[in-house]
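All residue numbers in this chain count up from 1 along the given sequence.
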Amino acid sequence: MADSSKKMQIVFASAECAPFVKTGGLGDVAGSLPAALVRAGAEVIVMVPKYATIKDEYKAQMEHFSDFYVSLGWRNEYCGLEKLEHDGVTYMFIDNERYFARDYPYGFFDDGERFAFFSKAITESLQHLPVGFECDILHCNDWQTALAPVFLREFYQGLPLYDRVKTVFSIHNVAFQGQFSDTVMEDILGVAHIPAAASQLRCDACSINYMLGALRYADAITTVSPTYANEIQTPEFGEGLDGVLRERSYALQGILNGIDVAGFDPATDKRIAANYTVEDRSGKAVCKAKLQEELGLEVRDDRPLMVMVTRLTRQKGMDLVMYALDRILSGGVQVAVLGTGDRDYEDGLRYFQDKYPGTMAARIAFDPALSQRMYAAADMFLMPSKFEPCGLSQIIAMRYGTLPIVRETGGLKDTVQPYNEFTGEGTGFSFSNFNGDEMGDAVFRAARLFWDNRDAWNQLVTQAMSQDFSWTRSADKYLDLYFFMHPEIERPAAVVDEPEAAPDPVAAEEPKAEEKPVEAEPAKAEPEVKAEVAPEAKAEVKPAAKPAAKKTTTRKTTTKKVTTTKYAATKTTAAKATTTRKRTTAAAKKAAEAEAAPEVKAEVAKAKPATKAPAKTAAKKTTAAKKTTATKLTTTKAATTKSAAKPAAKVEETPAESKAEVTVETKPAAKTTTRKRTTTAKKTTAKTTTPKAETKPAAAKEEPKAEVKTKPAPKAAEVKAAPKAETKPEPAKETPVSPAAPAEKKAPSKKTSVRKATATRKRR
């Protein structure tokens, strides 16, 4: 039984978290995802080390919540919990000055001990949380928290408070794994005497791997994009962990990161020269001119400006940039690069700046404010990474209307749809191989579009800016995972689509209402909404009974309408079986059919919501009611109903005549039954003819049309074949009526004639 009163309670552990401390993408994720989870109805506590670098304004808001000691090998270390509420999220800062009161989060000789303490403190603090908060999901991120699932299983399993805790481990970059000497297993971790832990942490004869422990102990594993989840299971991208990732592929999935759409919004961003929106991008031209002036580039709006905001490393594709930059700059594309990194790349960029003054600008620095101005001002954003777990720069660029040029790897492949010159689809440009010439070609594909087809370029910019990269979408995917792991907790207001299955039974009852009504409903009901429309159809049916003819004409035949038509007709026939029997004379039948034919169609068409399954059921009921009728006729009808359900899709728009006939459909509901009866015997109904040009039953009904149409002059006007159809035996005349499948009709028409003749004799 799902517990509707319990909320999903999540502890989110990360070594960094914006806005308190951030060195990369992990800080952005930890700063945005928990807030999105809270908005979705979960309760979240974020655990972060209390670094000395956290701003004093935040430290002043913290309140001491709890303190206890954490055993780490032979040590007992103090751990304080400092609580802070920020933007609706509760943060718990792990306080231990010996480990965290330093100038920078990482890069110290004792990082193995520092983050082993952090992981142990996370698991220990689960029993010191606010009253009423019982952790359901412990979500750990990257190697700094990777030991938490190991400690949880080895030291806390079996304790009541911990039994319900499920662990999720997220890989943000598999290249950083936390590898240390195996001496830490006893001295720091205290697991050397536990064979299972010791063997699963060991990565070689003398080393252990923190991330490896999480991959083996966590209940679920995620990474930051679907493509990256596949890539890290290969030797090329797995960094030595591809084997265990393949073993646990059933527990691994990729969920794309999002961005803070409020913080990165060109319409409100105060850091850029001029604001703009997807509808009015005049401000972007102002931003471009200002940036060109600021960086010493020629102020020209007819030259595409391509920028890079990146770490200058091989992983970010700088080898390709150095190789192709000469070609790109000499080809008329302006380039601006911001970032720091390897000395060789820094010097190379300075060289090109000197060689191409006014066209190339290099800023070897870390400047967040300038990076924002570059995102907003540029036409293109270059990101040729060798590998990229997710990447946020290309997403931010699209948000600002700057088209990304990326290599198809990891999150770059998942977030950027390459431009298709034939359909106009896309949100950027891409290339496949880690090759400088391919990258250069991609740059000039973009540049040529900028120069030669500005309308297509502007449309591409519109499409890029319209993408949804909010955290709401990502949070929903994480919640899917959390609730899958805790099925006993009821998910709030998210399960709205499931009721679709329920409508089937409603459709089964629907036929009753269908007899009288119908026209208005079909217009509203689209094929996808049939289940939902069904109930409405019933209500509207009664009042709409007479005006049906008018609305029927307006209606466009759909796959489901045709199917419904047969279904409704069948149902009507069954209900009025008694009336049908009275009509023994052939002439009487024809007259009834002539009048009823139009109406039946109206009713049938209106029954649109009915589904294929009900059609079959109705056919069966009809058969039972027709005990008096010949068995052959009954069988034929059932077959007709079923066959109609499938081919309907093909004929749905083809039959113009069906619409015409429907228009004529007017009054006799009672006669509808008669005509339907007759249809079974004689295969009449014009509507039947239209939808089922391909099936035998359809043909059968086509012939009768001729008879029925003897009286109705209006039909003759609407349906070209009607006048010719006056003679029973001429199926050929029905053929022109449904141009969709002329060849197929002929064959069925012969069999139909035989059956029809037989049926007629029996009745006489």
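In this structure, CD in Glu298 is found 13.5 Å from CD in Glu293, a value given to the nearest 0.5 Å. Atom-to-atom distance recorded for Leu212:CG and Leu241:CG is 6.0 Å, nearest 0.5 angstrom. Taking CZ of Arg271 as the reference point, atom CG of Leu370 lies at 12.0 Å (rounded to 0.5 Å). Lys270 NZ to Gln372 CD: the interatomic distance, rounded to the nearest 0.5 Å, is 14.0 Å. Separation of atoms OG1 (Thr223) and CD (Gln253) is listed at 10.5 Å; rounding is to 0.5 Å. Atom OH of Tyr375 and atom CD of Gln394 lie 9.0 Å apart (nearest 0.5 Å).
Gln233 contributes no side-chain N or O that, together with a main-chain N or O of Ser249, makes up a donor-acceptor pair within less than 3.5 Å. Checked by atom type and distance alone, the side chain of Glu231 pairs as donor or acceptor with a backbone atom of Gly410 at under 3.5 Å. Ser330 places a side-chain N or O within 3.5 Å of a backbone atom of Arg327 that can act as its donor or acceptor partner. Without hydrogens or angle criteria, Thr310 side chain to Met383 main chain gives no donor-acceptor distance under 3.5 Å. At distances below 3.5 Å, not a single donor-acceptor pair connects side-chain atoms of Asn433 with backbone N or O atoms of Asn435. Not a single donor-acceptor pair under 3.5 Å links the side chain of Asp269 to the backbone N or O of Pro266. Formation of a donor-acceptor pair under 3.5 Å by the Ser225 side chain with backbone atoms of Gly411 is found in this model. In terms of modelled atom types and a separation under 3.5 Å, the side chain of Asp367 and the main chain of Leu338 share no donor-acceptor contact. Checked by atom type and distance alone, the side chain of Gln315 pairs as donor or acceptor with a backbone atom of Phe387 at under 3.5 Å. Between the side chain of Thr462 and the backbone N or O of Asn458, at least one donor-acceptor pair lies under 3.5 Å.
For the residue pair Tyr356/Asp326, the side-chain donor-acceptor check at 3.5 Å is satisfied. Asp414 and Thr227 are linked by a side-chain donor-acceptor pair at a separation below 3.5 angstrom, with hydrogens and angles left out of the test. Under the 3.5 Å distance criterion, with hydrogens and angles disregarded, a donor-acceptor pair is assigned to the side chains of Ser170 and Thr222. Checking Tyr228 against Thr409 by side-chain atom types alone, no donor-acceptor pair falls below 3.5 Å. Between the side chains of Ser207 and Gln179, no donor-acceptor pair of N or O atoms lies under 3.5 Å. Remark: the Gln459 side chain and the Gln463 side chain contain an N/O donor-acceptor pair separated by less than 3.5 Å. One side chain, Tyr482 or His139, offers a donor N or O that lies under 3.5 Å from an acceptor on the other. Between Thr277 and Glu279, the side chains place a donor N or O and an acceptor N or O closer than 3.5 Å (distance only, hydrogens not considered). Side-chain contact, Asp319 with Tyr345: a donor N or O sits under 3.5 Å from an acceptor N or O. Arg363 and Gln353 are linked by a side-chain donor-acceptor pair at a separation below 3.5 angstrom, with hydrogens and angles left out of the test. Side-chain contact annotation: Tyr106 with Glu16, donor-acceptor N/O pair under 3.5 Å present. Looking only at atom types and distance, the side chain of Thr167 has a donor-acceptor partner in the side chain of Asp219 under 3.5 Å away.
Other residues, nucleotides and ligands place more than 12 heavy atoms under 6.0 Å from the NZ atom of Lys355. Counting heavy-atom neighbours within 6.0 Å of Arg343 CZ, excluding the residue itself, gives a total of 12 or less. Within a 6.0 Å radius of CZ in Phe366, no more than 12 heavy atoms belonging to other residues, nucleotides or ligands are found.
The minimum heavy-atom distance between Pro49 and Ala15, with the atom names listed, is CD-O, 3.8 Å. Asn257 approaches Ile395 most closely through the heavy-atom pair O-CD1, 4.2 Å. Residues Trp451 and Gly331 share a closest heavy-atom pair of CH2-O, 3.5 Å. In terms of heavy atoms, Gly254 sits closest to Ala229 at N-CB, 3.8 Å. Residue Met380 comes nearest to Ala447 through the heavy atom pair SD-N, 4.2 Å, listed as atom of the first residue, atom of the second, then distance. Shortest non-hydrogen contact noted between Ser430 and Ala442 is O-CB, 4.3 Å.
Between Val89 and His86, the closest side-chain pair of non-hydrogen atoms is not below 4.5 Å. Counting only heavy atoms from C-beta outward, the side chains of Leu382 and Val307 never approach each other to under 4.5 Å. You'll find the side chain of Val333 stays beyond 4.5 Å of the side chain of Arg303, heavy atoms only. Met211 is not listed as a side-chain neighbour of Phe176, based on a closest heavy-atom distance of 4.5 Å or more. Using a 4.5 Å heavy-atom cutoff, the side chains of Tyr276 and Ser282 are not in contact. Between Val21 and Pro105, the closest side-chain pair of non-hydrogen atoms falls below 4.5 Å. Between Cys17 and Lys22 the shortest side-chain heavy-atom distance does not fall below 4.5 Å. Within the 4.5 Å cutoff, the side chain of Leu256 has heavy atoms near those of the Cys390 side chain.
Note that Arg407 lies outside the cation-pi zone of Phe434, set by a 6.0 Å cut-off to the ring centre and a 45° limit from the axis.
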Check: Hey, mind stepping through Glu408 and Ser432 against side chain to side chain donor-acceptor pair (under 3.5 Å) and telling me if it holds?
Finding: CA-CA 5 Å; Glu408 295 171 4; Ser432 301; 3.2 Å; yes
Margin query: Assess the residue pair Thr340 and Leu312 against the criterion (side-chain contact (heavy atoms from CB on, under 4.5 Å)); give the C-alpha distance rounded to whole Å, side-chain angles, the decisive distance to 0.1 Å, and a yes or no.
Written below: CA-CA 5 Å; Thr340 60; Leu312 306 180; 5.5 Å; no
Next item on the list: Please test Ile137 against Val168 for side-chain contact (heavy atoms from CB on, under 4.5 Å), starting from the C-alpha separation and ending with a verdict.
Entry: CA-CA 7 Å; Ile137 299 289; Val168 177; 4.0 Å; yes
Checklist line | Worked verdict on Asn209 versus Gln177 for side chain to side chain donor-acceptor pair (under 3.5 Å) | finding: CA-CA 6 Å; Asn209 185 317; Gln177 302 172 5; 2.7 Å; yes
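Between Phe118 and Phe115, the ring-plane angle classifies as perpendicular under the 30° and 60° cut-offs. A tilted orientation is assigned to the rings of Phe180 and Tyr210, their planes being inclined by 30° to 60°.
Salt bridge Arg350/Asp354: absent, no basic N to carboxylate O contact under 4.0 Å. The existence of a salt bridge linking Arg246 and Asp242 is confirmed by a sub-4.0 Å separation between a basic side-chain nitrogen and an acidic carboxylate oxygen. For Asp468 and Arg473, the salt-bridge test fails: no basic side-chain N is under 4.0 Å from an acidic carboxylate O. Of the charged side-chain nitrogens involved, at least one lies within less than 4.0 Å of a carboxylate oxygen, so that Asp480 and Arg491 count as a salt-bridged pair. Look at Lys288 and Asp379 and you find a salt bridge, because one of the NZ, NE, NH1 or NH2 atoms lies within 4.0 Å of a carboxylate O, short of that distance. The pair Lys316-Asp342 fails the salt-bridge criterion, with no side-chain N (NZ, NE, NH1 or NH2) lying under 4.0 Å from an Asp/Glu carboxylate O.
The residue from Trp457, Phe450, Tyr419, Phe381 that alone fulfils the side chain to side chain contact (heavy atoms under 4.5 Å, CB included) condition with Leu403 is Trp457.
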